[in-house]
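Naming: A, B, ... by sequence-line order, numbering from 1 per chain.
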There are 2 protein chains.
Amino acid sequence: MKPTIRDVAKMAEVSISTVSRVMNAPHTVVESKRSRVIEAIEKLQYQPNAFARGLIYKKSNTLGLLIPDIENLYFAGVIRGMQDACIKLGYSLMICNTDRDKERMLSYIDTFHEKQVDGIVYASDVLYPECYEKLTGCRIPFVLVSSHSEEFDVPSVEVDDERAAYDAVKFLIELGHTEIGMIGFNHDNSVSGPPRYEGFVRALNEAGLEHNVEKVRYANHRFEHAYQAAHELFTDYPQVTALFCVADEFAMGAISYLKDRNILVPGQVSVIGFDNLRMSGMYIPKLTTIAQPIYQLGYRAAEKLHELLTTGKVVVPTEKMEHKLIVRESSRER
Amino acid sequence: MKPTIRDVAKMAEVSISTVSRVMNAPHTVVESKRSRVIEAIEKLQYQPNAFARGLIYKKSNTLGLLIPDIENLYFAGVIRGMQDACIKLGYSLMICNTDRDKERMLSYIDTFHEKQVDGIVYASDVLYPECYEKLTGCRIPFVLVSSHSEEFDVPSVEVDDERAAYDAVKFLIELGHTEIGMIGFNHDNSVSGPPRYEGFVRALNEAGLEHNVEKVRYANHRFEHAYQAAHELFTDYPQVTALFCVADEFAMGAISYLKDRNILVPGQVSVIGFDNLRMSGMYIPKLTTIAQPIYQLGYRAAEKLHELLTTGKVVVPTEKMEHKLIVRESSRER
DNA sequence: GCCTTGAATGTAAGCGTTTTAAAAATTCTC
DNA sequence: GAGAATTTTTAAAACGCTTACATTCAAGGC
């Protein structure tokens, strides 16, 4: 049996409340007893039972994280940031991989509710109304990361997608490209899909290149789909010399396709990605990309949730973090 | 306030024990009341408090996972497998990223202890004696994944590293290569470092190529280090035409280096990796590699831990899973 | 020396469940 | 229709901890 506070009390020959005080308000107990208690705690490897404490404090000091795809390096980075923040703030972290499956999200929310997590960071892209209802129904505070909601009023941390996409495309244009394609996220099951497309369009319009706005194909978060999307795009528009991909993984998929078709990157086609994954500098060619502060996004999301939990509100409800253009090898002047 | 069992009881006009029985032994309560209770539960969105239950059952239905590096795709795959198994087996999962930092591991073990996780999967490579002591000290059952321990008697699931490495090198030899190098894990801070080197040596000896056994450089889990290691290796042994990398990430680092040096892969140098990450088929060139059943490793580890938790022991203490050679584009006949 | 004061310590209630044992209600038997 | 047998329900104890309140103790003031 795991030792309880009683065992410690017995060994130190004090009452259990004294033991409790040694842990929670050490200065209120006289040195002689205190050291006896501490000694007993160490000898028994005593750890107070989090259930019993939780029952009293009504807090678990645990945060939940709903993540769509843990095998996506983007989210892996978010997790790392969030976990580091959790360490700093004294929380444990419960991570759930939703695979973008709504049922699974809903069931994880139940789990979180049952385990009494103090709050949740929701990173599963689009905030489904069902999830929102459930979350507010069980009164679990939550924030969104790399997502936001127009429908509901929920704090969020993300990058300015429209502007970032605009910067990416503008960069390609400044390189002298006039035939520009894009591989984007589906608009109906992603939140950054539409704004990134808008950024693409704005840059194009500004440069008088609106004839490109239809050179877009959509992919579904993964490499393989991007490969396929690139195939469709270049079949329809072989004249394209520059490609904006809304994710580095898409950029890799597209480059992989081009490689298989013996089209040189950046020799014949320039490609710019989005995210700046840890992998992106390792790819061949190294990816030019729009960097998101991935780690900081996760870190900040945890801080924001903490703010919400401790003060009941959040100063900046929808926070935008800075993106940055990183020029590497996958792009070149026309 | 979150509704408690009392609120449900009041609303359904029964005693709290009846409510409890509706949830735990529904057939013992008469239909009329049962439906009243169920209705009340739904109306209130009642979820039993896991703290109170945990206090009674002395179980959290939560497993802990100690992972060295969540941004490593290998471990991301392990997590996914483990999480799916946890869903099947009715556990929640608490994931902690240790960054291979011993202090951090130790502190996470304390957290796990406090939160009363039922068991732990330890994936942080080498099982430090301190961790072993602590884990056994607080009597938390645990299993090792993609690791094992000679020093201590702990259940584990992994691949046969020696044989896998042997198969990789043998493949290179069969391709006609005679000048073969290796980029390995440091022997002192990894568990698969030594057996993979042994596999390398065995294949070499068997083919009468023992002059290669010293063509080894070590790297520290990450791309950049492998890049550097490749630099050292090819500076010392420019004659090498085939390279065995003990991780796909190393293979990418090495290929990246070779690319920067304008050495063609597989034209001039064949490279074989290890792991078969999701990324490996996306690389350019697509990686020839030894595939580990990553997802299954995680899945199996959770099952094994469950077995340990429910039966108190484990039928096959050290389990080896099958690896498989996958030939893609980074290797070629000499 | 007695009373007051303040600090140190202990006792017991309570957090939200489950579960045992006892009580109540229902059904069955004759 | 009374009593036994059975089913259904409830009260209360327990899980391990914190904390309000009560008690004890030592020191200080008179």
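Atom CG of A/D101 and atom CG of A/N97 lie 10.5 Å apart (nearest 0.5 Å). Taken to the nearest 0.5 Å, the CD1 atom of B/I120 stands 8.5 Å off from the CG atom of B/L305.
The pair B/D110-B/K134 counts as a salt bridge, with a side-chain nitrogen and a carboxylate oxygen less than 4.0 angstrom apart. Under the 4.0 Å criterion applied to side-chain N and carboxylate O atoms, B/D84 and A/R104 are assigned as salt-bridge partners. The pair B/D69-A/R80 does not count as a salt bridge, with every side-chain nitrogen at least 4.0 angstrom from each carboxylate oxygen. Here A/E303 pairs with A/R300 in a salt bridge; the nearest charged N to carboxylate O distance falls below 4.0 Å.
A/F112 and A/G64 get closest at one heavy-atom pair: CZ-CA, 3.6 Å. Here the closest heavy-atom approach between residue A/H148 and residue A/E158 is recorded as ND1-OE2, 2.9 Å.
For the pair A/K58 NZ and D/dT18 C1', the computed distance is 12 Å after rounding to whole Å. Following rounding to the nearest Å, B/Q116 (CD) and D/dC15 (C1') show an atom-to-atom distance of 11 Å. The distance between atom CZ of A/R53 and atom P of C/dG16, rounded to the nearest whole Å, is 18 Å. Counting to the nearest Å, the C1' atom of C/dT11 and the CD1 atom of A/I5 are 14 Å from each other. Protein atom CZ of A/R6 is 12 Å distant from nucleotide atom P of D/dT18, rounded to whole Å. As rounded to whole Å, 15 Å separates atom P of C/dT17 from atom NZ of A/K115. Remark: P of C/dC15 and CG of A/N49 are 18 Å apart, rounded to the nearest angstrom.
Proximity of residues 27-35 of chain B to DNA chain C (heavy atom under 4.0 angstrom from any strand atom) is not detected for any residue. DNA chain D is contacted by no residue of residues 36-45 of chain A, taking any non-hydrogen atom closer than 4.0 Å. For the segment residues 15-26 of chain B, the set of residues with a heavy atom within less than 4.0 Å of an atom of DNA chain D comprises B/S15, B/S17, B/T18, B/R21, in numerical order.
Distance from the side chain of A/V14 is smallest for C/dG10 among the nucleotides C/dG10, D/dT18, C/dT17. Closest to the side chain of A/I56, out of C/dG14, D/dT10, C/dT19, is C/dG14.
Relative ring orientation between A/Y91 and A/H306 is described as perpendicular, the plane-to-plane angle rising above 60° on a 0-90° scale split at 30° and 60°.
Residue contacts shown for A/Y57 are limited to sugar-phosphate atoms, with no base heavy atom under 4.0 Å away.
Each of B/L55 and A/E13 was matched to the nucleotide of DNA chain C holding its nearest heavy atom; the match closer to the 5' end belongs to A/E13.
B/S190 and B/S192 share no donor-acceptor pair across their side chains, judged by distance under 3.5 Å alone. In summary, the side chains of A/E151 and A/Y132 do not present any donor paired with an acceptor at a separation below 3.5 Å, with no hydrogens or angles considered. A/S17 and A/S20 are not linked by any side-chain donor-acceptor pair at a separation below 3.5 angstrom, with hydrogens and angles left out of the test.
Remark on the helix from C/dG1-D/dC30 to C/dC30-D/dG1: inter-end axis angle 60°, axes from five-pair C1' superpositions, rounded to 10°.
Close to C/dG16, at under 4.0 Å from its OP1 or OP2, lies no side-chain N or O of B/K2.
Within the structure, side-chain hydrogen bond (donor to acceptor under 3.5 Å, both in side chains) contacts touching residues 30-41 of chain B (residues at least two apart or in different chains) do not occur.
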Using distance only, find each side-chain donor-acceptor pair of residues 41-51 of chain B under 3.5 Å and give its atom names and separation, not counting sequence neighbours.
from	atom 1	to	atom 2	distance (Å)
B/N49	OD1	B/F51	N	2.6
B/N49	OD1	B/A52	N	3.3

